[in-house]
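What follows is one structure encoded as structure tokens, with my remarks underneath.
Counting begins at 1 with the first residue of the sequence. Order of appearance sets the numbers: ligands from 1, and atoms from 1 within every ligand.
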Amino acid sequence: MKSLDQFCLDRLGELDAQALRRRLVVTNRGAEGRAARQGRAVVSFSCNDYLGLSHDPAVLEAGRSAITSHGAGAGASRLITGNHGLLPELEAALASFKGAEAALVFGSGYLANIGIITALAGSGDVILLDELSHSCMFSGARLSGARVEKFRHNDTADLGDKLKTAAAGAGQVMILTEGVFSMDGDLAPLPGICALAEAHGAWLLVDDAHALGVVGGGRGSAHAFSQPCRVPLQMGTLSKSAGSYGGYVCASRAVIEYLSNRARAFVYSTGLPPASAGAALAAVQRMAADPALCARPSELARLFTQRLGLPLAQSPIVPLIIGDAGQTLAISAALLEQGFLVTAIRPPTVPAGTSRLRVTFSASHDEADVLALADAIEALLPADFAAP
Ligand SMILES: *Cc1c(COP(=O)(O)O)cnc(C)c1O
């Protein structure tokens, strides 16, 4: 037997050898997409704060005033005494913005997925999920005890085949995907997926962590197509474009009532702190009132892809797939030297051999920032770089 420390040190050594070891770096973020990192003032293209709302004066004031009136913490789980007044207000604002009957706020997006999936699926059921789905959907799916099967990324033909087999069984079938894929920036083909789900009676959950506030006029992926798609479980986070913290799901009243009784990550976890809820509420109100703000990050992403001759961005996320982890780190380090923060994304966050620079744009960047970054990246890309 190894000692606990030796076990950890051995594993870390393996990660080091593959350029896959990760380290915490202090990054102090400021307004306007600026940050301080490793003693350097940088423009960050690695935040999910797509609308710059984490530093918006009205959002900050809402957070402060929530602390003043409700305290620093919720004090208990929601079903006991942790349901302070800002939470139902936030849920009403989310449901109204997204055009759903009701909403439920969780402690985080990660907890929301774990809670929703395990409450709705169990042994005897089948969960079909896009192979590039976020880690927390895989965690929820495995934890549920259902049979878990991946379908090829955004491939409705493959999903259709797997759905036929799954729907012939006795249990329920759930389909899980992301509205805007977090590491690739592409959109799920929701019109096709919704039609398949309806045809087979499967329950569709779409994770809009990177879609809320940025596609479909800010209302998310179900609204990003010429016809609104009927997505019965629209899940998302308040930690990205909403600039705060917390997770949510928008659904029918029946589903929300059930989840508030049976989603363990909701029932047995403390309510979201007032400051986070108050700030998120102000952010959602701002999104609903300002579609031009919601359109801005994707406009800047398109400016960037046009400048580099890449396929036109579909969202504020643009991946530049380098492949090798070490080479990706070296480009990221060279960009940091020039004042641009673009972190390297490596396995296991992305599949082996697809290490990448993940560039994210925010409404708080200006066009000069974007063009300067494009020119710096162009000079650093390997000669054999080819866009997908
Ligand atoms: C960030 C993210 C989550 C987790 O949300 P948190 O609120 O940060 O826990 C879930 N799904 C996707 C696709 C994400 O990108």
Is C136 touching ligand 1 with its side chain, its backbone, both, or neither, if touching means heavy atoms under 4.0 Å apart?
side chain

May I ask you to list the atoms of ligand 1 that are less than 4.0 angstrom from any heavy atom of E178?
13 (C)

What protein heavy atom is closest to atom 6 (P) of ligand 1, reported as residue, atom name and distance in Å?
G109 N, 3.4 Å

Got an N/O contact under 3.5 Å between Y245 and ligand 1?
no

Can a non-hydrogen atom of S239 be found less than 4.0 Å from any atom of ligand 1?
yes

Salt bridge (charged side-chain N to carboxylate O under 4.0 Å, His left out) with E367: of R307, R296, R302, only one passes, and it is R296

In terms of residue, atom name and distance, what is the protein heavy atom nearest to atom 14 (C) of ligand 1?
K240 NZ, 2.8 Å

Near Y110, which atoms of ligand 1 are under 4.0 Å from a heavy atom of that residue?
4 (C), 5 (O), 6 (P), 9 (O)

With no hydrogens and no angle check, just 3.5 Å: does a side-chain donor-acceptor pair link R22 and T349?
yes

CZ of R262: more than 12 outside heavy atoms within 6.0 angstrom?
no

Report yes if N113 has an N/O atom closer than 3.5 Å to an N/O atom of ligand 1; otherwise report no.
no

Just heavy atoms, cut-off under 4.0 Å: does H210 contact ligand 1 by side chain, backbone, both, or neither?
side chain

Take R40 and E337, measure what salt bridge (Lys or Arg N to Asp or Glu O under 4.0 Å) needs, and give me the verdict at the end.
CA-CA 8 Å; R40 229 175 255 286; E337 290 284 318; 3.4 Å; yes

Is it the case that the side chains of Y245 and T237 hold a donor-acceptor pair, with the cut-off being a distance below 3.5 Å and no angle test?
no

Write out the residue and atom name of the closest protein heavy atom to atom 11 (N) of ligand 1, then the distance separating them to 0.1 Å.
D207 OD2, 2.6 Å

Shortest non-hydrogen pair, R356 vs P351, comes out as NH2-CD, 4.3 Å

